[in-house]
Amino acid sequence: MNTFPLFFKLDNRKVLIVGGGDVALRKADLLSRAGAAITIVAPSICDELHALLSNEKHTLIYENYNKKYMQGARVIIAGTDDEALNHQIHADATALNIPVNVVDTPHLCDFIFPAIVDRNPIVIGISSNGKAPVLARLLRARLETLIPQGYGKLAKLAGEFRSEVKNKIPTLTGRRQFWERAFEGKVSELIFAGNETEATAQLQKDLAETATKIANQHSDDTEVATNSAANLDNQDTDSDISNKGENPVGEVYIVGAGPGDPELLTFKALRLMQQADIVFYDALVSPQVLDLCRRDADKVFVGKKRSNHAVAQLGINELLINEAKKGRRVVRLKGGDPFIFGRGGEEIESLRAHGVPYQVVPGITAANAAASYAGIPLTHRDHSQSVRFVTGFLKAGVPNEKFENLLDTNETVVFYMGLHSLERLTEGLIEAGRSSETPIAIVSNASMPNQQVLTGTLASIVERQEQAQLPTPALLIMGNVVALHHDLAWYNLHLQHHEQSLANTESNWLRGGTATTPKGQAKGQAVDQQAHALSMIATLSEAKEDSLEQLVIG
């Protein structure tokens, strides 16, 4: 390594910053969080710095730099745009053996400000040794997604019990294993769930039980010593004694996996997925999301499609209960959000009835993802003042035909599981009184690289879908906001060209000579197909090569 990572204790220690602008502000902000007593020296100090350092422990000196202000400083930062002055500050600090950092000048730095992940008292610093600070910040952002805020509270709790644990568990191995169980088990889950009081009580209980078992084991040392083999087997029993006995009931995590893009997962979902012993996942969970689960966890597919249930819902409920009662941490990974047409409520009713602890982690529901990635606002002051989520099928596969509730032109309606009944839906809405010119969109594979959007009206969307054949999973979005798609679309625009080519087919020049006789109509249909194919090829040839390959192969 080029530099050695150290953590300075700066609480109430003097830190000198030369400079009063934005650079000084950034450094002062970080150092003030560490409790430093900051002295700013500059002829001009920005208002933001003045506000940040208004506490009496800090000092603002409106003067030019003078070496005398280095007296008593723990570290020094030069944050000016005067190169000669920065060199002078470095030379003066070096003469006094005080570590100095000249901002954005690596060869004049005795230490480096890392990119920081702060989970006080847990602190992680990432440094590129001044070679690529932006990359260090990107790595920090990645770690931020993996390390919950609760780890700081967990560390503080451990600090409160550290001496007591040392007194009651005599061996180093025993203490290590005790803390591993605490950090990976019930105590940590209570902390992450915000139940700090219960977490403290649980840790106290676990420690008391472990200490009692150790004491009982020591009382049996004479008997154990009579058998040398048994003695060897039990020499570390005080460290792993709590692993004996019955398994406690585990816990079930009902986790919303979102629409498919793994970057849309919540921090909490990712954390629970990483610690699961077994994962039950459905058909709407993307492979990319599933790959983020703990590598050695068992993964069981229990997907349900329109008329093909791999495992019935009652069977899923039973699986969750049985695995949790084995003491396992169980993740039920559901596409979208568990409580929006995800049957998560039914699952936790069953868990509750059997006394199995559970947590529910919301996910980005498919409607939000489809609308956002398609550039279709679900609400808009000029077009829609409310939004309604509707399922295409009711309980036991009964079609949802309550069309009279869906006639408000100031409302956006999103249909889940509606693609296979598209014709029935559109005809029912028109018959109920909805205008046939109402805009409607199909969003397929929302948020994924193969997302496609097809727009039309209630009168035209069925025919367009017959031509385009957008696959499931797909959502239908109906309402005036759909008209905004062509202006606001931003994602996978090369695939949107595919949709536009369908809309332009009717005006394609190859259609001009279509005959009207029965024989001519047949000929015209062939020309129509040729026009459609040529239009598609011309459009896709400007897009990615794999899109053209898919067209030819398909």
Side-chain angles (χ1 to χ4, degrees), residues 7 117-124 146-225 230-253 267-268 271-272 274-278 294 296-297 323-331 351 355-359:
F7 290 86
V117 178
D118 185 4
R119 300 290 185 269
N120 184 40
I122 302 295
V123 180
I124 301 172
L146 300 175
I147 304 173
Q149 292 287 343
Y151 272 113
K153 296 178 181 179
L154 189 60
K156 289 176 182 177
L157 179 61
E160 294 172 4
F161 276 80
R162 186 175 181 185
S163 296
E164 187 176 354
V165 169
K166 187 174 182 180
N167 290 334
K168 292 184 176 180
I169 303 179
T171 67
L172 180 62
T173 299
R175 292 193 293 273
R176 175 181 60 79
Q177 293 186 352
F178 173 82
W179 285 121
E180 286 177 350
R181 291 191 296 272
F183 294 153
E184 295 180 354
K186 187 66 175 179
V187 172
S188 66
E189 281 308 308
L190 288 169
I191 284 287
F192 294 144
N195 299 325
E196 296 176 49
T197 301
E198 293 182 33
T200 302
Q202 182 68 44
L203 186 59
Q204 186 71 64
K205 176 184 176 183
D206 292 346
L207 179 57
E209 291 177 352
T210 301
T212 298
K213 291 177 181 179
I214 290 173
N216 292 339
Q217 179 61 37
H218 286 168
S219 68
D220 294 336
D221 279 349
T222 302
E223 180 180 349
V224 173
N231 186 50
L232 288 173
D233 289 339
N234 288 279
Q235 61 185 348
D236 281 330
T237 302
D238 59 339
S239 68
D240 62 7
I241 191 73
S242 64
N243 289 331
K244 295 182 178 181
E246 296 182 0
N247 286 325
V249 175
E251 191 167 12
V252 175
Y253 313 124
F267 293 167
K268 186 170 186 177
R271 173 174 61 81
L272 296 178
Q274 286 285 322
Q275 68 184 41
D277 298 311
I278 185 169
R294 183 172 141 192
D296 58 344
E323 291 300 324
K325 287 191 172 181
K326 295 177 183 177
R328 307 185 82 183
R329 292 169 293 190
V330 183
V331 161
L351 295 170
V356 175
Y358 60 86
Q359 296 184 44

Restricting to non-hydrogen atoms, name the atom on [X] and the atom on [Y] that form the minimum distance, rounded to 0.1 Å.
X	Y	answer
K325	V356	CE-CG2, 4.3 Å
G152	P121	O-CD, 3.3 Å
K186	E251	NZ-OE1, 4.4 Å
A297	A276	CB-O, 3.3 Å

Check: P170 main-chain N/O paired with R175 side-chain donor or acceptor under 3.5 Å: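 Here the side-chain-to-backbone pair exists.
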R328 (side chain) donor-acceptor with D277 (main chain) under 3.5 angstrom: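 Yes.
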Are the side chains of [X] and [Y] in touch, meaning some heavy atoms are under 4.5 Å apart?
X	Y	answer
K268	P148	no
L157	V187	yes
I147	I124	yes
E189	L272	yes
I169	L207	yes

Residues 191-205 side chain polar contacts: donor-acceptor under 3.5 Å, at least two apart:
{"from": "E196", "atom 1": "OE2", "to": "K153", "atom 2": "NZ", "distance (Å)": "3.3"}
{"from": "T200", "atom 1": "OG1", "to": "E196", "atom 2": "O", "distance (Å)": "3.0"}
{"from": "Q202", "atom 1": "NE2", "to": "D206", "atom 2": "OD1", "distance (Å)": "3.0"}
{"from": "Q204", "atom 1": "NE2", "to": "E164", "atom 2": "OE2", "distance (Å)": "3.1"}

Which residues share a ring pair (Phe, Tyr, Trp, His ring centres under 6.0 Å) with F183, sequence neighbours left out: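 Once residues adjacent in sequence are excluded, the partners of F183 under the ring pair (Phe, Tyr, Trp, His ring centres under 6.0 Å) criterion are W179.
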To the nearest 0.5 Å, what is the distance between [atom1] on [X] and [atom2] on [Y]?
X	Y	atom1	atom2	value
L154	R119	CG	CZ	13.0 Å
Y358	L351	OH	CG	7.5 Å
K168	F161	NZ	CZ	8.5 Å

Residues E209, K213: salt bridge by 4.0 Å N-O rule: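 Here E209 does not pair with K213 in a salt bridge, since their nearest N and O are not under 4.0 Å apart.
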Lys/Arg N to Asp/Glu carboxylate O, E323 vs K326, below 4.0 Å: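 Salt bridge between E323 and K326, a charged N being under 4.0 Å from a carboxylate O: yes.
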Atom CZ of R176 with >12 non-hydrogen neighbours under 6.0 angstrom: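 More than 12 heavy atoms, drawn from other residues, nucleotides or ligands, come within 6.0 Å of this atom.
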